[in-house]
Amino acid sequence: MTELERIRHSAAHVLATAILKIWPDAQFAAGPPVENGFYYDVELGHRISPEDFPRIEEEMKREVKANHVFERVEISRPDALAMAERGELAALSARGVASKFKLDILQNIPEGEAITLFRNGEFTDLCAGPHVMRTGNIGAFKLTHVASAYYKGDERNPQLQRIYGTAFKNKTAMDEYFAMLEEAKKRDHRKIGAEMGLYAIDSEFVGPGMPLWLPKGAVLVEELERLAKETEFAAGYVRVRTPHLAKEKMYKTSGHLPYYAESMFPPMELKEHGEGEGTERYYLKAMNCPHHHRIFAAEPKSYRDLPLRLAEYGCCYRYEQSGELFGLMRVRSLNMNDAHIYCTEAQFAEEFRAVNEMYLRYFGIFGLEKYQMRFSTHDPAKLGQKFVDEPELWRKTEDMVRQVLVGSGINFVEVPNEAAFYGPKIDVQVWSAIGREFTIATNQVDFAVPAKFGLRYRDRDNSEKVPLCIHRAPLGTHERFIGFLIEHYAGNFPLWLAPEQVRIVTLNDDPALVEYATGILKKLRGEMVRAEADFGTDPVKAKIAEAEKARVHTMLVVGPRDMEAGNVSVRLHGKGNLGAKPKDEVVAGILESIRERKG
RNA sequence: GCCGACGUAGCACAGUGGUAGUGCAAUCGAUUCGUAAUCGAUAGGUCACGGGUUCAAAUCCCGUCGUCGGCUCCA
């Protein structure tokens with residue numbers, strides 16, 4: 001445990017001490033350090049609100065000032081149990097009632113493991129430690145928010161109040177942290193999305209979690225699609241298009257029903273006329289794979305058709321729980337950068353390698369450096385239950401995947417027992433501005449579902465075989481990927497992505513000047529550059545300020561001096577005035593930067 | 001879905017029981033200016049929605065919806 005974690009863990013104990021001094025009947029569960037601080041889960045009749053923080057912090061200060069030693073005591077299991085029964089754990093002294101959560105935790109400590117207590121002043125807690133030497137070592141701390149959490153994270157367990165705080169070695173470090181948080185909030189995609197007019201969520205008329213792309217946001221969507229289409233075309237993909245609905249049979253066959261019905265919008269019941277007179281249920285698709293499988297099945301396949309790479313920016317709908325919705329990052333309608341690669345076992349390694357390369361190429365374009373690939377593998381003990389019973393395929397594909405990852409020098413962690421039912425998968429994890437972790441892209445191997453849909457190809461030896469399927473979405477969904485890009489760039493998109501790429505600003509509305517500027521505007525727009533005009537009479541300072549605020553990537557200022565020399569003055573957003581340059585050179589530079597998608 | 005906080009003009013906010021306010025944005029007019037804000041005028045609100053208490057509710061109470069912070073979930 002790092003020193004900072006020890007400080008925070010110790011601060012959690014001090015927090016519990018303070019709460020007990022105010023509310024002696026508080027029952028504590030777990031109080032660990034976490035990424036940016038610490039928390040302690042408490043059960044208490046009183047609802048703690050931020051208004052209570054000052055007096056809790058007051059008590060905490062007293063504890064820190066008293067500079068109590070954190071004393072480690074190793075005791076026997078029976079003694080510990082007796083103390084818990086008397087309510088002496090996570091307590092100042094014996095209480096009438098048992099320390100119930102600590103008792104439960106104690107009973108779950110494996111036999112033979114040492115049981116330790118930590119004391120600071122009057123407070124004693126069951127705790128493995130370690131801690132700082134003295135409460136005085138907690139240099140600076142602050143309570144931040146209160147939330148609720150289920151005991152042991154299980155929603156069948158009682159809800160506890162989780163008091164969050166943070167602690168640092170000294171006040172300077174803490175001030176820096178809060179300043180950094182303020183900066184991060186300015187990057188929040190919800191804030192920038194509104195400022196720049198990228199998207200809107202109309203909960204009243206359209207529905208929560210279903211973003212509307214405004215004109216400027218739609219530009220981002222279309223540029224990403226263009227990138228994906230070009231990249232996939234070059235990699236030998238073919239594009240398909242599928243409806244947003246499918247019959248119930250589709251999801252019964254895929255295995256999504258009934259297990260995942262809760263994550264899907266409730267079905268529509270249609271009265272089908274003719275024979276049978278029954279009702280037919282249609283579901284909005286929550287994923288594209290089944291539709292693509294039916295495309296595979298639509299025509300007989302030979303080994304000569306493989307690998308077959310079906311790509312589609314498919315629109316899916318997932319009924320995410322209301323409390324889970326989060327800006328663009330967690331939505332109910334989403335457009336996936338989806339593709340399914342059907343291949344033979346022999347082709348698998350090469351296909352997987354190519355997919356991986358595509359990921360890295362994209363990350364390069366976006367300058368994405370802080371990410372982690374999470375490789376989820378199976379647990380051999382659970383073959384036939386949690387994982388499809390194909391030990392040889394699991395072993396082989398996981399080895400191949402691992403080799404590709406190691407070979408590319410990629411930052412990845414391997415997580416056993418987290419694979420999908422039908423095969424190993426790789427998720428790419430990134431972090432939002434405010435530090436929340438998201439899966440931005442996914443890449444899964446599937447050796448089970450194609451069989452469920454009866455997919456077959458005729459092999460060279462005239463036998464019928466089931467193809468393997470690689471499911472990949474390197475750009476994730478438009479919603480989450482753009483949400484991420486907004487924060488990644490803080491709204492300052494590279495030229496090729498910028499909703500407004502160029503704004504031409506004239507010094508005044510002199511007709512000759514306007515004609516000169518219009519010529520440049522027409523040239524740019526003729527080349528599909530998103531260029532706008534600001535030819536009005538407002539002071540140039542004001543026009544520049546407006547363009548900067550709108551995060552226009554390139555501002556071309558033209559005045560009489562430029563016109564006479566055939567120049568334009570170039571100003572880049574956030575980078576200031578670069579001075580006058582020949583107009584043709586500037587236009588050519590803009591076109592090149594866009595064509596090459598320069599960062 | 002659960003716990004908590006919040007919901008006032010497009011945005012940021014003020015308004016603690018007595019006629020709804022400020023700044024920016026918008027619209028109109030003037031300003032002809034060399035790189036982050038020229039001046040003036042106008043318009044804009046069923047104070048989320050529904051109910052209740054009160055002579056009187058943005059303000060107090062209840063419910064609903066939504067947003068936010070977490071938890072659970074995330075094929």
Side-chain angles (χ1 to χ4, degrees), chain A residues 34 39 41 47-51 144-164 185 188 190-191 194-195 197 200-204 207-209 251 254-257 259-264 286-290 316 318-327 329-331 334 419-423 425 427 434 436-439 442 444 446 448-449 471 480 505-511 513-514 535-550 552 555-562 569-580:
Chain A
V34 288
Y39 67 79
D41 283 345
R47 287 254 155 246
I48 295 177
S49 83
E51 284 168 24
T144 52
H145 52 287
V146 55
S148 117
Y150 300 104
Y151 178 55
K152 289 185 174 170
D154 187 329
E155 62 185 326
R156 290 164 302 193
N157 286 339
Q159 277 202 317
L160 307 173
Q161 301 186 62
R162 177 167 292 180
I163 318 298
Y164 279 93
K185 270 187 201 157
D188 192 313
R190 294 165 298 184
K191 187 172 162 62
E195 277 170 13
I201 291 180
D202 183 345
S203 302
E204 193 182 352
Y251 301 108
S254 70
H256 289 104
L257 286 177
Y259 301 107
Y260 301 107
E262 270 191 12
S263 305
M264 297 174 76
M287 68 297 295
N288 302 302
C289 358
C316 299
R318 298 182 181 185
Y319 191 71
E320 303 288 357
Q321 298 184 69
S322 58
E324 273 306 317
L325 301 176
F326 179 73
M329 297 300 207
R330 197 69 181 276
V331 292
L334 41 115
F421 169 73
Y422 46 73
K425 64 173 181 177
D427 291 321
I434 52 176
R436 222 190 271 215
E437 182 178 343
F438 285 95
T439 299
T442 185
Q444 308 183 350
D446 183 344
V449 182
H471 170 128
R480 191 172 285 182
V505 175
T506 55
L507 221 62
N508 55 50
D509 68 350
D510 172 72
L513 198 56
V514 167
F535 297 165
T537 61
D538 279 343
V540 73
K541 269 177 182 289
K543 295 204 223 179
I544 292 291
E546 219 170 283
E548 287 282 358
K549 206 177 137 204
V552 175
M555 288 149 274
L556 300 181
V557 180
V558 296
R561 293 207 296 267
D562 301 299
S569 293
V570 180
R571 181 189 172 99
L572 299 185
H573 171 57
K575 300 205 172 86
N577 187 1
L578 304 187

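Hydrogens, waters and symmetry mates play no part in the numbers below; they use all other heavy atoms, side chains included. The chains referred to below are lettered A, B, ... by the order of the sequence lines, with proteins before strands, and numbering in each begins at 1.
- For the pair A:H145 and A:R162, the minimum side-chain heavy-atom distance is 4.5 Å or more.
- Searching all strands for a Watson-Crick or G-U wobble partner of B:rU16 with both distances below 3.5 Å returns nothing.
- Shown here for A:K191 and A:K185, the closest heavy-atom pair between the two residues is CD-O, 3.6 Å.
- Among the nucleotides B:rU35, B:rG1, B:rG66, the one closest to the side chain of A:S203 is B:rG66.
- At a cut-off of 3.5 angstrom, the base of B:rC71 holds no donor-acceptor pair with the side chain of A:R162.
- When the side-chain nitrogen and oxygen atoms of A:S148 are compared with OP1 and OP2 of B:rG70, none of them lie within a distance under 4.0 Å.
- If you measure from atom CD of A:E262 to atom P of B:rC74, you get 11 Å, rounded to the nearest angstrom.
- Crowding of A:Y319 atom OH: a count of heavy atoms from other residues, nucleotides or ligands under 6.0 Å not exceeding 12.
- Note: CZ (A:R190) to P (B:rG10) measures 21 Å, nearest angstrom.
- B:rA9 and B:rA26 are spaced 11 Å apart, taking the C1' atom of each and rounding to whole Å.
- Closest to the side chain of A:V557, from the set B:rA75, B:rU38, B:rU35, is B:rU35.
- A:A147 comes within 4.0 angstrom of a nucleotide base, judged by non-hydrogen atoms across all strands.
- B:rA48 and B:rC11 have their P atoms separated by 13 Å, given to the nearest Å.
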